[in-house]
Amino acid sequence: MNKHIALKEKYKSLSDQLMKDLEVKNVMALPKITKVVVNMGTGEKLRNKDTKEKLMADLAAITGQKPKVQPARMSISGFNLREGMPVGLTVTLRRDRMYHFLDKLMSVVLPRLRDFRGVPARFDSAGNYTLGLVEHTVFPEIDLAKVDKSQGMEITIVLSNSSPEKSKILLGTLGMPFVKE
């Protein structure tokens, strides 16, 4: 049995417990993880072809999916930015790739962070969770010898049927290491 399927099975097996914890009577009303979006804001780095290819290869190795180049939506003269210029990379993960990525994030990547004491439990009003990482080199797929400069990234876990309280209970049950209050 694949390890990433284990997280999916864990969610299914915990549904009865979650129904009691969240005081929900119907399984369909439980919060569900619908997708994981991984963003890498790169700024001017994408203008250099070699750097662009390295960053795209790194993000593809981390997520298991080819990233999409995000263009700037508007021109900002103070940043030497024109509409349509590449400013970031994005990957949207769903289904098995999403569970595999989350399992790797919670069990391998976060514990590898220096001075790690847990992630902050800050959710938006819809119950979605966003986590920022300063370096992409904490992922085991990245070869440190080939990295010129580390790049930050943002991971957003999008949930449906949720609120901040429900999301915290769900992610905590699945193994997200929140800071102890």
Side-chain angles (χ1 to χ4, degrees), residues 2-8 11 32-76 79-116 118-124 126-160 167 171 174-178:
N2 288 343
K3 190 173 182 186
H4 66 278
I5 302 299
L7 187 67
K8 190 176 188 178
Y11 172 72
K32 293 172 189 62
I33 301 172
T34 55
K35 63 183 174 180
V36 174
V37 181
V38 182
N39 293 312
M40 193 180 270
T42 56
E44 295 179 5
K45 294 178 185 175
L46 289 184
R47 295 178 194 166
N48 181 344
K49 186 179 177 185
D50 293 336
T51 309
K52 177 181 176 181
E53 288 175 4
K54 282 182 185 177
L55 287 173
M56 287 184 76
D58 285 352
L59 193 55
I62 289 170
T63 59
Q65 192 169 306
K66 184 181 176 189
K68 175 184 163 199
V69 176
Q70 286 296 113
R73 286 185 241 157
M74 63 177 77
S75 299
I76 303 173
F79 293 119
N80 276 341
L81 188 64
R82 291 201 175 95
E83 186 177 344
M85 283 179 132
V87 291
L89 301 172
T90 302
V91 175
T92 302
L93 302 169
R94 299 177 198 271
R95 298 182 198 85
D96 286 346
R97 283 189 180 153
M98 169 185 73
Y99 285 109
H100 176 67
F101 180 80
L102 284 176
D103 190 36
K104 179 174 55 173
L105 178 71
M106 291 187 269
S107 60
V108 177
V109 175
L110 292 176
R112 287 178 75 180
L113 295 175
R114 194 176 317 142
D115 299 331
F116 182 70
V119 294
R122 284 186 245 127
F123 295 85
D124 68 6
N128 301 320
Y129 183 70
T130 301
L131 172 69
L133 296 177
V134 179
E135 297 180 358
H136 76 291
T137 56
V138 295
F139 284 89
E141 297 87 358
I142 303 300
D143 184 10
L144 289 172
K146 295 180 180 177
V147 175
D148 300 333
K149 189 176 178 193
S150 65
Q151 178 68 37
M153 61 191 321
E154 181 181 79
I155 301 161
T156 302
I157 302 170
V158 180
L159 295 106
S160 64
S167 295
L171 292 177
L174 289 177
M176 183 64 81
F178 290 114

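Just the heavy atoms: all of them, side chains too, but no hydrogens, waters or symmetry mates, feed the values below.
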[X] [atom1] to [Y] [atom2] distance, which is reported to the nearest 0.5 Å:
X: L89; Y: K68; atom1: CG; atom2: NZ; answer: 11.0 Å
X: L174; Y: D103; atom1: CG; atom2: CG; answer: 10.0 Å
X: L102; Y: R97; atom1: CG; atom2: CZ; answer: 14.0 Å
X: H100; Y: T63; atom1: NE2; atom2: OG1; answer: 10.0 Å
X: L93; Y: Y99; atom1: CG; atom2: OH; answer: 12.5 Å
X: M106; Y: L171; atom1: CE; atom2: CG; answer: 7.0 Å

ask   = Closest heavy-atom contact between M40 and G152?
value =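 Residues M40 and G152, closest heavy atoms: CG-O, 3.4 Å.
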
request  = Classify the angle between the aromatic ring planes of Y129 and F123 as parallel (below 30°), tilted (30 to 60°) or perpendicular (above 60°).
outcome  =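 Tilted: the ring planes of Y129 and F123 meet at 30° to 60°.
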
ask   = M153 and L59: side chain to side chain contact (heavy atoms under 4.5 Å, CB included), yes or no, with the steps?
value = CA-CA 10 Å; M153 61 191 321; L59 193 55; 3.7 Å; yes

message = Taking T92's backbone N and O only, do any of them form a donor-acceptor pair with Q65's side chain (distance below 3.5 Å, no angle check)?
response =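 Side chain of Q65 to backbone of T92, a donor-acceptor pair under 3.5 Å: yes, one is there.
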
message = Using the side-chain contact (heavy atoms from CB on, under 4.5 Å) definition, which of the options T34, N128, I33 pairs with S160?
response =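 Among T34, N128, I33, the one that satisfies the side-chain contact (heavy atoms from CB on, under 4.5 Å) with S160 is T34.
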
message = Quick check: do T90 and V37 have side-chain heavy atoms less than 4.5 Å from each other?
response =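 Sidechains of V37 and T90: in contact.
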
ask   = Which is it for V36 and T156 under the side chain to side chain contact (heavy atoms under 4.5 Å, CB included) test, yes or no, and what are the steps along the way?
value = CA-CA 6 Å; V36 174; T156 302; over 6 Å; no

